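In what follows, a structure is listed as structure tokens, so that the remarks can point back to it.
The model shown is predicted, which means the values in this text are computed figures rather than measured ones.
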Amino acid sequence: MHRHEASLRVALYSHDTQGLGHIRRNLAIAAALAGAGHPPAVLLVAGTQVTTSLVHPAGVDCLTLPAIGKNPGGAYEARQLPIPLDEVVRLRADAIAAGLAAFQPDVLIVDKVPAGLMGELIPALKLLRRRGRTRCILGLRDILDEPHIAAKEWRDAGSSRIVQRYYDAVWVYGDPAVYDAVREYAFLDAIAAKIRFTGYINRCDEHSCRPEDLRRQTLRDLKLSAERIALCTVGGGQDGFSIAEAFVQADLPSDTAAVVLTGPFMEERDRRRLLTLARHRNRTRVVTFTPHPERFLGGADWVVSMAGYNTTCEILAANKHALLVPRVRPRLEQWIRAERLADLGAVSVIHPDVLTPEQISRWLAVTTEQHRKHTSIDMHGLRRVPALLHDLLHMVPPSAFVAGAQPLVH
């Protein structure tokens with residue numbers, strides 16, 4: 001089958017104002033769909049140019065929106081364009097609606113925010129519902145925030161009404177044995193009926209994540225002589241400097257190398273500080289950007305990390321010794337995830353406000369001879385996504401999707 005003859009078209013939207021998590025999750029889902037049966041044509045809709053630097057599966061392309069980020073006070077602002085925020089949002093909304101109108105997706109998968117950033121997705125949702133051929137899916141990570149805060153944000157944004165009106169299914173990318181979003185967030189019955197837990201989205205497979213091969217590759221590429229690797233990864237890097245700085249100054253076990261992944265959004269002055277520290281430690285390397293962070297993680301013996309969704313999934317799937325130092329501001333999503341997993345014996349956790357190089361040194365020393373604990377956490381999300389999509393597509397015939405029709409409630 002030629003690419004232009006693909007029978008299914010899937011669009012994935014992420015608002016991605018902070019970090020790379022939403023984009024990486026959507027890329028993983030796109031790869032899972034591309035590897036299942038007849039590969040669909042997949043359009044990623046995202047607001048960061050980093051998307052084009054990441055590796056895409058065949059049949060996947062990007063619609064890149066003008067970027068929006070958060071300033072130090074936590075308020076949204078244009079990341080690059082020197083124009084008012086409301087103009088950037090209108091520009092993005094027009095681009096999304098026009099792009100999806102031209103692409104004519106059979107399926108739209110929206111990450112986390114039902115209305116999109118500042119409501120930018122609503123015009124496109126109205127258009128798609130009016131045309132009546134697109135199934136819309138809301139994808140939620142395992143944990144949004146503390147229940148009372150998540151409920152308030154959901155209520156203030158009118159999310160329940162939007163989901164009931166425009167969405168046919170809600171996928172929760174997690175395991176209810178770790179965190180049951182239906183119970184914790186007390187969703188309305190009409191929304192709870194649409195929810196399916198996929199299991200965690202794990203990008204590593206048995207071939208790409210063999211630790212021995214990945215360890216040798218990492219040591220060779222970074223010109224390191226060691227038997228083991230301690231890795232520090234801080235996601236996009238915009239707020240991970242203090243963790244990376246403590247890690248670089250920690251004492252390593254013998255015959256162990258240290259590798260730091262800074263992420264593409266770390267401030268240049270902070271990156272230079274880490275590089276300066278690393279130059280005085282001959283078994284330490286700083287990597288400023290890689291499209292394959294999971295390969296470094298797969299070859300590591302220890303991992304010190306924040307507790308973002310994607311990295312945590314990769315840590316669990318690879319069964320690594322992990323010390324999670326969660327982000328605790330402006331929301332407690334990472335802290336809740338880390339505590340739940342620590343309660344299951346899957347990871348160690350420390351609060352970022354009390355982190356020191358000495359604590360990392362002690363943790364590395366204590367875990368040197370410990371065996372990693374295997375847990376029964378459901379890590380098979382990418383195996384289930386194609387089947388869930390197939391079920392949704394075949395649950396109601398296309399003729400039922402007419403202008404003004406109510407979305408599926410199942």
Can you see whether Tyr309 has Arg337 sitting over its ring - NZ or CZ less than 6.0 Å from the centre and within 45° of the normal?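 The answer is no; the distance or angle limit is not met.
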So, for [X] and [Y], which heavy atoms are closest and what is the spacing to 0.1 Å?
| X | Y | result |
| --- | --- | --- |
| Asn202 | Cys313 | OD1-O, 4.4 Å |
| Leu121 | Pro114 | CD2-O, 3.9 Å |
| Ile122 | Tyr166 | CD1-CE1, 4.5 Å |
| Gly240 | Val234 | O-CG1, 3.5 Å |
| Ser376 | Asp175 | O-OD2, 4.3 Å |
| Thr256 | Ala226 | C-CB, 4.1 Å |

Indicate yes or no: at least one non-hydrogen side-chain atom of Val163 is less than 4.5 angstrom from one of Val170.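 Yes, their side chains come closer than 4.5 Å.
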His351 atom NE2, over 12 foreign heavy atoms within 6.0 Å: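 Yes, NE2 of His351 has more than 12 neighbouring heavy atoms, counting only those of other groups under 6.0 Å.
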Backbone N or O of [Y] within a donor-acceptor pair of the [X] side chain at under 3.5 Å?
| X | Y | result |
| --- | --- | --- |
| Arg281 | Val248 | yes |
| Arg9 | Phe103 | yes |
| Gln334 | Ala307 | yes |
| Arg135 | Leu393 | yes |
| Arg285 | Lys223 | yes |

Salt bridge check: are [X] and [Y] linked by an N-O gap of less than 4.0 Å?
| X | Y | result |
| --- | --- | --- |
| Glu333 | Arg141 | yes |
| Lys152 | Asp145 | no |
| Arg329 | Asp353 | yes |
| Asp94 | Arg90 | no |
| Arg340 | Glu184 | yes |

Report the C-alpha separation of Phe187 and Trp154 in whole Å, then their side-chain angles, then the decisive distance to 0.1 Å, and conclude whether the ring-ring contact (aromatic ring centres under 6.0 Å, His included) test is met. CA-CA 10 Å; Phe187 287 118; Trp154 192 271; 5.2 Å; yes
Please identify which of these residues, Val110, Ile109, Leu108, Leu392, meets the side-chain contact (heavy atoms from CB on, under 4.5 Å) condition with Cys136.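 Exactly one option meets the side-chain contact (heavy atoms from CB on, under 4.5 Å) with Cys136, and it is Leu108.
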With Val259, the side-chain contact (heavy atoms from CB on, under 4.5 Å) member among Thr233, Thr284, Leu224, Leu297: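 Result for side-chain contact (heavy atoms from CB on, under 4.5 Å) with Val259: Leu224.
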Regarding Trp335 and Glu339, is there a side-chain donor-to-acceptor distance under 3.5 Å anywhere?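 Result is yes, a qualifying pair exists.
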With side-chain hydrogen bond (donor to acceptor under 3.5 Å, both in side chains) as the test, pick out the partner of Arg273 among Glu245, Glu268, Glu267.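 One option only clears the test, and that one is Glu245.
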Could you tell me if the ring centre of Phe265 sits under 6.0 Å from that of Phe289?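 No, they do not, as the ring centres are separated by 6.0 Å or more.
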Taking Asp168 as the fixed residue, which of Lys194, Arg196, Arg129 is the one that meets the salt bridge (charged side-chain N to carboxylate O under 4.0 Å, His left out) rule?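 Only match with Asp168 under salt bridge (charged side-chain N to carboxylate O under 4.0 Å, His left out): Arg129.
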Could you please spell out the steps behind the salt bridge (charged side-chain N to carboxylate O under 4.0 Å, His left out) verdict for Arg92 and Glu87? CA-CA 9 Å; Arg92 285 168 56 110; Glu87 292 185 27; over 6 Å; no
Salt bridge (charged side-chain N to carboxylate O under 4.0 Å, His left out) between Asp106 and Arg133, intermediate numbers included: CA-CA 6 Å; Asp106 299 288; Arg133 62 167 289 172; 2.7 Å; yes
Let's go through Asp301 and Arg228 carefully: what are the C-alpha distance in whole Å and the side-chain angles of both, what is the deciding distance for salt bridge (charged side-chain N to carboxylate O under 4.0 Å, His left out) to 0.1 Å, and is it a yes or a no? CA-CA 6 Å; Asp301 296 271; Arg228 297 176 293 190; 5.6 Å; no
